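All remarks here apply to the structure that follows.
Computed from a predicted model, the values in this text were never measured in an experiment. Both counts, for ligands and for their atoms, begin at 1 and track the order of listing.
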Amino acid sequence: MIKIALLGYGTIGSGVAEVLRINKDSITKRAGEEIEIKYVLDLRDFEQDPIQPKIVHQYDIIANDPEIAVVVEAMGGVEPAYTFVKQALLAGKSVATSNKALVAKHGAELLAIAKEKNINFLFEASVGGGIPIIRPLNSSLTADEVEEITGILNGTTNYMLSKMTFEGLEYDDVLKEAQARGYAEANPAADVEGQDACRKIAILTSLICGQQVDFEEIHTEGITRISATDIQYAKAMNRVIKLLAVSKKTKEGYSVLVCPMLLAPGHPLYSVNDVFNAIFVHGNVLGDAMFYGSGAGKLPTASAVAADIVDIVKNRDRNIMTAWSDQRLTLADYKQSKRRFFVRTTDSRDQVQNAFGAVELIQLPERFGEVGVLTGEMTEEEYEKRAAKLNEVLQMIRVV
Ligand code: HSE
């Protein structure tokens, strides 16, 4: 029997306990031995829950117990998760975590400690919820140079944009629903402002290039400025708006960007709706692949964490190598990437054509006094120069 400790009994932590309970027999068979939760660290008590006898309020009880071989971190946030996880690894305890903020910031260091101690630091649930993506990038696709990853990596915002598009619901109402379903972060600003997707694409880019990507350097825009009017325009163009996280290999290096984008029906991510996430991967020898599934929520995320626990048990005396050094990757300037732009402006058509040259006009009959246009392809730098010639830009959304 292997004894583990859970850090945090919130949505994910309680989900891990539930998965280990409901699939106990098959998990035991696959791991080769029984997995028992010995402690659950939380500030709260859970008197009505059978977990209560295992609740502890001090991390030292876990850190100092030699019987604990695996620590499962499901607290979220960088601190105190980082201190606890580092302490566990240094003490020879393997760690499974769902914490993207922790992995994006300290992944390289924690992986190095795990390697040195010949134990494991696994984080499948940190990107894409229940979708296997870390393991495929780290093993199945190691023969490839991954040239592009484009993902819908945040379930909350995808849920919100889908509801706004198909049910005409208001932003605040759909955010409340996403929170009630357990998709949103403790502070949902991390979802709607794109920071959650930013950390996830930083993790994926670090994995494919083997170096540390500083998420602070990724240009990130969320969905807070997307209005019902923008969604009407998107419909008029037969397109949808999605929050995309894009990482592309260019001659100048990886160009990484997180922002809402307009997608046409032929795009592989066009039909990814509700809380689902999807990750499109292009490898130089593989060609295209898509990973699709439940991107957030209690049990899907807990399923990925539990699978990491099983992998840790199966690899007790072996470090599963992950190539991610602490050498910092210099990102290419995203402003040099070429694309089309959708622009809403109160300027006249003549002024718009004077700024952008030939454009495709999109007119909503109910929007007097403004016009929507799709520009030709140009770099972001060029777009900014041309847009500066307009008197007023009400909205700009990039087109993919
Ligand atoms: N808040 C995150 C999301 C949870 O909505 O995708 C999963 O990482």
Exercise for the section: Please state whether the rings of Phe356 and Tyr383 are parallel, tilted or perpendicular, taking 30° and 60° as the class boundaries. Expected result: parallel

Practice task
Answer yes or no: is there an ion pair linking Glu370 with Arg344, defined by an N-O contact shorter than 4.0 Å?
Solution key: yes

Completion exercise
At under 4.0 Å between heavy atoms, what of Asp191 touches ligand 1? The answer is side chain

Handout entry: Subset of ligand 1 atoms that lie under 4.0 Å from at least one heavy atom of Gly155
Key = 3 (C), 5 (O), 6 (O)

Practice task
Have a look at Arg199, Met160, Lys100, Gln179 and point out the one with the heavy atom closest to atom 8 (O) of ligand 1.
Solution key: Lys100

Handout entry: Under 4.0 Å to a heavy atom of Glu185 - the qualifying atoms of ligand 1, by number
Key = 1 (N), 2 (C), 4 (C)

Practice task
Flag the pair Glu380 and Arg398 as a salt bridge only when some basic side-chain nitrogen lies within less than 4.0 angstrom of an acidic carboxylate oxygen.
Solution key: yes

Exercise for the section: Using the six-membered ring wherever Trp is involved, compare the ring planes of Tyr334 and His219 and label them parallel, tilted or perpendicular (cut-offs 30° and 60°). Expected result: parallel

Problem - Nearest non-hydrogen protein atom, atom 5 (O) of ligand 1 - result: Thr156 OG1, 2.6 Å

Handout entry: NZ/NE/NH1/NH2 to OD/OE distance under 4.0 Å, Asp42 and Arg44
Key = yes

Practice task
Using a 4.5 Å cut-off on heavy atoms from C-beta on, say whether the side chain of Lys86 contacts that of Glu109.
Solution key: yes

Problem - Gly129 touching ligand 1 at heavy-atom level, < 4.0 angstrom - result: no

Problem - Nitrogen or oxygen of Asn277 less than 3.5 angstrom from that of ligand 1 - result: no

Handout entry: Per-atom contacts of ligand 1 with Tyr183, taking only distances under 4.0 Å to non-hydrogen atoms
Key = 1 (N), 2 (C), 3 (C), 4 (C), 5 (O)

